[in-house]
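A quick write-up on the structure given underneath.
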Amino acid sequence: MPQELPRGSAASLSIAITGSGGSGAVTAGSILLAALGKAGFYGLMTRSAGPQIRGGESAAMVRFSPEPLYCMGDQFDLLIALDWRNFHRFLQEIPLGTASPVLYDPALGEVPEELRLQPRLERPWKRRAAAIAGGRLNLVALGTAGALLGLPCEALETGVQKVLGHKGEAVVDSAVACIRAGFSAENPNLARLPKPRPDPNRWLLSGNEAAALGSLRGGVRFVAAYPITPATEMLEWLAPKLEQLGGALLQAEDELASINMILGGSFGGMPSLTATSGPGLSLMMEGIGLAVASETPVLVADVMRVGPSTGIPTKSEQSDLHIALYGLHGDAPHLVLAPLDIGDCAFTFQWAVGLAEQLQTAAIVLSDQFLGQSRAILDPPPRCETPLTRLKQARERPCRRYLYTDTGVSPMPIPGESPCRYTADGLEHDERGVPSSLAEDHLAQLQKRRRKIEGFAYGEAWAEIQGAGPLCLISWGSSAGAVREAAQRLQAAGQPTRVILLRLLAPLRRESLKAALAGAEQLFVIEQNQTGQLFHYLHGAQVLPPHARSFARPGPLPLRPGEIVRAVRSEI
Amino acid sequence: MPQELPRGSAASLSIAITGSGGSGAVTAGSILLAALGKAGFYGLMTRSAGPQIRGGESAAMVRFSPEPLYCMGDQFDLLIALDWRNFHRFLQEIPLGTASPVLYDPALGEVPEELRLQPRLERPWKRRAAAIAGGRLNLVALGTAGALLGLPCEALETGVQKVLGHKGEAVVDSAVACIRAGFSAENPNLARLPKPRPDPNRWLLSGNEAAALGSLRGGVRFVAAYPITPATEMLEWLAPKLEQLGGALLQAEDELASINMILGGSFGGMPSLTATSGPGLSLMMEGIGLAVASETPVLVADVMRVGPSTGIPTKSEQSDLHIALYGLHGDAPHLVLAPLDIGDCAFTFQWAVGLAEQLQTAAIVLSDQFLGQSRAILDPPPRCETPLTRLKQARERPCRRYLYTDTGVSPMPIPGESPCRYTADGLEHDERGVPSSLAEDHLAQLQKRRRKIEGFAYGEAWAEIQGAGPLCLISWGSSAGAVREAAQRLQAAGQPTRVILLRLLAPLRRESLKAALAGAEQLFVIEQNQTGQLFHYLHGAQVLPPHARSFARPGPLPLRPGEIVRAVRSEI
Amino acid sequence: MATIPTPSLRAKDYKSQIPPVWCPGCGHFAVLSALTKAFAYLKLPKDQLALVSGIGCSSRLPAYLDTYGFHGVHGRALAVAAGLKTARPDLIVIAVGGDGDGFSIGGNHFLHACRRNMDFTYIVMDNEVYGMTKGQASPTTQPDWTRSKLTPHGTGVRRFQPPAIALAAGASFIARGFSGDPTGLSKLFVEAIQHPGFAFVHVLSPCQTFRPEQRAWKQQVHPCSLGTAEDPARAAELIHRDDGMALGVLYAQQLPVWQPKLTQRTSLATIEEAFRL
Amino acid sequence: MATIPTPSLRAKDYKSQIPPVWCPGCGHFAVLSALTKAFAYLKLPKDQLALVSGIGCSSRLPAYLDTYGFHGVHGRALAVAAGLKTARPDLIVIAVGGDGDGFSIGGNHFLHACRRNMDFTYIVMDNEVYGMTKGQASPTTQPDWTRSKLTPHGTGVRRFQPPAIALAAGASFIARGFSGDPTGLSKLFVEAIQHPGFAFVHVLSPCQTFRPEQRAWKQQVHPCSLGTAEDPARAAELIHRDDGMALGVLYAQQLPVWQPKLTQRTSLATIEEAFRL
Ligand SMILES: Cc1ncc(C[n+]2csc(CCOP(=O)(O)OP(=O)(O)O)c2C)c(N)n1
Ligand SMILES: Cc1ncc(C[n+]2csc(CCOP(=O)(O)OP(=O)(O)O)c2C)c(N)n1
Ligand code: SF4
Ligand code: SF4
Ligand SMILES: [Mg+2]
Ligand SMILES: [Mg+2]
């Protein structure tokens, strides 16, 4: 049953804070986000940095609303410029509304040419900061902005405590003084949003954290990985948590090691995971194929960045769908999933761990830099309640590890726990695991491995379906947020719209998807890559009518609801 | 213009020689093949071995005809059993016609149960071999078989010289004596073929050799590789030849090294190649992506074997199409080709090297164990006459290595040969190669890389098209042989048939293919894998009508024309 | 399922029913036997033994034992073993393979396994050739060995010295055995399995088929007379002087073993609390 | 196009116009400068220089030189360099990178490059950390360094000893420099480039951002007093005693260099003849 499409998107505000190296744009953004949470808003923060390894210019982009948010908006309603050095780098990333003011301190230089038509709000931050011991301009600016936005000063102070608390009392005191200095001189005179409903039960976390949490919920207790942007934070969050939970994280020498290490951990009975990004995923394909052939469950998180090759490590794109679906040599059925938003990372990862365990195969989960590194205020993410576990109990000795069963799933005894010993093998084998080059064994094992993946009852979670209009927007992964919001706008504008957001990409639930598509007259497949990877995949599976259209646009800029609405409108 | 479909397939005979460890089945087969060539036949020989590393049971399968042959037949017309130990391993591989005789020496044991209905020809080989100094049963048997087949004894003796000549005179003399001993007692009384036209200009070689030759013709002078079955012979043939031609082969420590080594060689201006099979290809995907992004031409030969994972290293399958097409992370356009038969390995590899050089990208060429390890008697393979070379000449300093041109191809200066220096990069970059994370640079470079691949004029060689009937068989790579023969039979049976054999798989020549499909009423996509990889790819590209059918059957058994004819007939 | 207490097992009880694919006379047979003897001597429970390997003739060994086994992909046995041992410190983990598997494609994992010093054993059956792929030069092959068509003039590259590299990488136990000396080999396996930490056993295991000249090894091996210096610098000198034919323990040290504890100290619910606003 | 004869170039003429992304104070700046000085001293023609690297802060170096460069993928610089040098023995090839790139993911190529002894130079800027990915432990990081969230109690793993491993693997030239000693560094680069064979220069190159404590290296480095033993066994002992802070040439030997000749002796047509029946 498709849910109803939520009514027209709630009012929201988007703020960008920019500055050069050391100006503290991200700190200000983080405090603002925490303050917004305290004040009862939902919100989302992304960051962007220049090419320098560290200390280069950076920007924090914050969007908030009394209702949950899943993507960035079309444009920014306020620009807070902490200085103007290298500002041009962010021009493309920060489209301003024509009436959006620029808030800045004229003591720090001229407003750049490109902004000359924006309304200006000038404040003497530098001077005020100088008057405070340890005073910092970014915090004074934040105080000003908070006041203009109508936030209570206490909320900002709570934010300071959250973000800077670990730096000690002196820092916090000085920061609070700065906030107040910026705040006191203002009246709230920017567009104001409907009053939010504060709820202390809400969470503030990143997608990488949510993904890690979901994995732990799914039972993962062993992780081996090699650092890579933008997956590292997921691992960094996991390392101490695993230890507390009686698990372990092993930093591998490379990705070939990490994928094979988790095969070892999983063979030993522990649900196991690795996380990487495109280049690392490429290196893992052989190991993932071994997981498929030896039927050893593992979860591989690919936090996608701009490709191909080294690409743009710090920016988001959805261009690893093809390698995830098709990147294994031989006929190698496996699972591919993608979370639909930051909160959904928790659900999707938990479900993916369970599916991998249940089906004794590899699950590749496609998150991305946007989901992974953005932080959000959201309602606590729900758990996946379906119990999915590994079938361990075997009866026979010698063990028929690759027994032909109706489901295709065979018992997988655990070393040290069962006398039904066996040798797992990536060579083609018979039921007992003995290498075989006979056609009948190959065919039977191929069919078994396919049957278990394709025949499983995945339930309703394979996609989120909302609305029922003849206009149908199909998407996957992190584009889902912008697509959802675009659909709401189209619907609000009188265009009944349906959205189908795929969470389970392989195996494709063909029949369910066909049913969900019934009656759709105009179809758009929307994704953030150049070549329309999902579009071609769906055509390959013969589920799309010939008139379906592809709207595919590569990174590094995020998909925005407005551009989707425009693209759809121009075609219908 | 489609060529005409050759008339009904010529008469052919198929012979299988089987034996246990050390019985010399393959030697006998090799001599037989050489003898057949001498006698004016075209022919094909494949071999099969048991699981032992060496010295285990083995079988040689030889098919011959007065006309060129591209695949094995449906069944065998004669079985020469050198002994019966482990014969059951080959049962599936050697389907016998109901009237096909079994030729054997009863002194070596009972005919197995499964063969009890076959006509029998018993000969006292063992006794005769014992009478000759250094006498070998396999050669006596070969003499008998040659006589029964109506081959001249001199042809067999020439065969002995070719195959055993390097072992010295004594061995040859003894072998000839054996052949004569087997030969003299017989009259040709097996079905005989039309008289062949001998032609000493014909060649005898394997697909791996033809592929290697084609690469040399294309200009390859540097090879780096890591041994893997069934690609190793291609490398083993190349090593001394490269040296003679002023090139070099470097045995790498692993496949990660080999792909990156050839990137280095190619960056230095030398057309470069590596050859591997599925597991090695998996490991190379990151490096191939770097070739695409840095626009460094390389050729990667994948001599496919049964997958997934380690699979069945010694047997053939066409199941690496998906990884070859889609196995790179990011949007990474590149070339994928497949030779259509043993002789065509020379043409396709030469063309692929040229295309990679011309388009400054990676070309993956999908050969397979059947093509690679079979030996054939054939007309000398034609050369690819289109001159395709790398654009090296640059004008500017600093060099705009990734200049936006109409074709998408930019000048690639060679170190030491030009003052237009540059740094190649796998990070996204601007025209000069400077790393960039700007959306405009990414988009422009993505488009450039796509344009050069998709916009090139590939000419006619993208496919072989024969016949013009409403029944259309589409195939690729090594299945082409069986498909061609199936089409001839269907045509001969009054069913006008068209075949489309794809040599260039990526970029797909969509418009040309659509034109070639015009008027086709029944379509079958035929390939040797489980999941119909080409079928889904073609649907993904929206070139197939909805009623197209997939006939996909995995290895390890070769596709046979008869099963294709049956499959097609059962559906039309 | 609780493990049934192991009655006294004989060496042959550790073998499985699967017939090896090895050529007659292959050195790997003796390694298999010596291993079962070591298991029997140490009374190791079969359910607790996990043999891990890559690809190669030698890497086929796990299936020939009636223990748990993981026959993975080429070159990655040590990574699988490290993961398995981290997750299951209670198991007796033994990685096995060949010189190609371990020193060519698997070289990086060898370096890092030596450094990491986890408590498992690594047995390399070195025949100075790639047997499985029909006779190419491996890292331990003599530079002037010309029998491979891939390197018709020999590789021209100095040989990989497994013990020297293991020592430089930080290994804590290094021994050399010979498949022509099954009793000695079996003893080395016992010591290696008992050693707390990463124990590397370099086994000279001739390839009948592609290196028949290795039959001469019987005459060339000799007991290690280096002594086992405790001081790694001194040991390094001694091991660099090794002629590659010395049998015995070349180096043994007690060094810190890497092994996380795996004891739960908190609940996931507590961890989740931290996300609340 | 013929190469224009190089007029005398100054060090700075070897720099490109591209501004480094490095943090202020990063040790890699000094490596860049020392390299240009060595080039100027040796009067190397810019067109004949090819700098090859992997991924990491240090691996960004090639673009900052006005020579040819190949900025490849993480860990594979030595493979690219080996291929390039095989195909183009006339070029001066220099591979550069970091400790993560070279000793972690690239460890296997390091081993085999040392063995193969091709005539090119390898410069590793070792800051004992993964700079580019924001501060994780590398193989050379101290086991008790707890500043990475990935290994909050430290790695607990012994450090990778680049010179000892290089020597065991068969390297013919091993030196250590320090980016805080630019003149010495430049001299080592000159010697390394001149050395016939694989020359490995281990450069201590501090990471300002993630390892600020490395500022103390200035006080800790000292000239190498080991002497350069010709005998590798003796050198092995000395190198094992190295405290990691000794600067200078640690080992140098003339050993056979691997380099195919690349002279054509026959035509393809002749080769094709052999296929005729
Ligand atoms: C990724 C990959 N590359 C190459 C191969 C081919 N291959 C299989 S075994 C082997 C070498 C085996 O040599 P070794 O480890 O010394 O074992 P041996 O057979 O000599 O006992 C190679 C290269 C493979 N299976 N996978
Ligand atoms: C295959 C792959 N894995 C991981 C990464 C992420 N990565 C980029 S640089 C780097 C480490 C760099 O460390 P080092 O080589 O020491 O250079 P430094 O930045 O310290 O100079 C890593 C892990 C990558 N780019 N590719
Ligand atoms: S090829 Fe060599 S290593 Fe392999 S089984 Fe035969 S003798 Fe043993
Ligand atoms: S992060 Fe460290 S290594 Fe990287 S540029 Fe900055 S100081 Fe240098
Ligand atoms: Mg070997
Ligand atoms: Mg570093």
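Both backbone and side-chain heavy atoms feed into the values below; hydrogens, waters and symmetry mates do not. Proteins come first, then strands; the chains are lettered A, B, ... in the order of their sequence lines, and each starts at number 1.
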Part of Pro139(C) within contact of chain D (heavy atom distance under 4.5 Å): both
Short N-O contact, Arg241(C) and Asp231(D), less than 4.0 angstrom: yes
Any side-chain heavy-atom pair of Leu61(C) and His71(C) under 4.5 Å: no
Lys/Arg N to Asp/Glu carboxylate O, Arg159(D) vs Asp99(D), below 4.0 Å: no
Chain D contact via Ile165(C) - side chain, backbone, both or neither, heavy atoms under 4.5 Å: both
Under 4.5 Å from a heavy atom of chain D, the part of Phe110(C) involved: neither
Choice from Gln161(D), Arg116(D), Arg115(D), Glu237(D) maximising heavy atom contacts with chain C below 4.5 Å: Arg115(D)
Which of Ala166(C), Pro256(C), Gly170(C) touches chain D most, by non-hydrogen pairs under 4.5 Å: Gly170(C)
Mutual orientation of the aromatic rings belonging to Phe120(D) and Phe198(D) [parallel < 30°, tilted 30-60°, perpendicular > 60°]: perpendicular
Segment of Leu255(C) engaging chain D (4.5 angstrom heavy-atom cut-off): side chain
Interface residue of largest heavy-atom contact number with chain D, from Gly107(C), Ala233(C), Ala164(C), under 4.5 Å: Ala233(C)
Min side-chain heavy-atom separation Phe178(C)-Pro206(C) under 4.5 Å: yes
Check: Glu191(C) and Val249(C) side chains under 4.5 Å, non-hydrogen atoms: yes
